[in-house]
Amino acid sequence: MFWKIVGGLIIAWVAFMVLGAVIGFVFKAVLWIAIIGGIAFLGAAGYRAITGKKDSKQINRY
């Protein structure tokens, strides 16, 4: 009976370790994707702000 309890605890511990590793990996991957996406967005917005002044249309108010 003692070994069944110890075995169950070991199996539960291993399951939580694997689950934690998977969730940790997914969290880190999503975090890095968000960081890279944010940098790309800011770069595109900055590029458009610098080069877009030539294409700006003025509103004529009479």
Side-chain angles (χ1 to χ4, degrees):
M1 183 68 183
F2 172 75
W3 292 111
K4 287 184 180 181
I5 294 172
V6 171
L9 289 174
I10 290 173
I11 290 173
W13 178 72
V14 169
F16 280 120
M17 293 295 290
V18 170
L19 187 64
V22 170
I23 291 174
F25 174 75
V26 170
F27 179 75
K28 286 181 183 178
V30 169
L31 179 67
W32 279 109
I33 289 170
I35 289 171
I36 292 169
I39 290 170
F41 174 77
L42 291 176
Y47 177 75
R48 180 68 179 153
I50 292 170
T51 61
K53 293 189 178 188
K54 294 181 272 185
D55 300 335
S56 64
K57 297 177 181 177
Q58 296 179 353
I59 298 173
N60 295 324
R61 296 184 184 188
Y62 297 106

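These numbers come from a predicted model, not from an experiment.
Summarising the hydrophobic clusters (Ile, Leu, Val, Met, Phe, Trp, Tyr; side-chain heavy atoms under 4.5 Å, direct or chained), the residues clustered with Phe16 are none. Applying the under-4.5 Å side-chain rule to Ile, Leu, Val, Met, Phe, Trp and Tyr, the cluster around Ile11 consists of that residue alone. Applying the under-4.5 Å side-chain rule to Ile, Leu, Val, Met, Phe, Trp and Tyr, the cluster around Leu19 extends to Ile23.
Every residue two or more places apart in sequence or in another chain that forms a side chain to side chain contact (heavy atoms under 4.5 Å, CB included) with Ile35 is listed here: Leu31, Trp32, Ile39.
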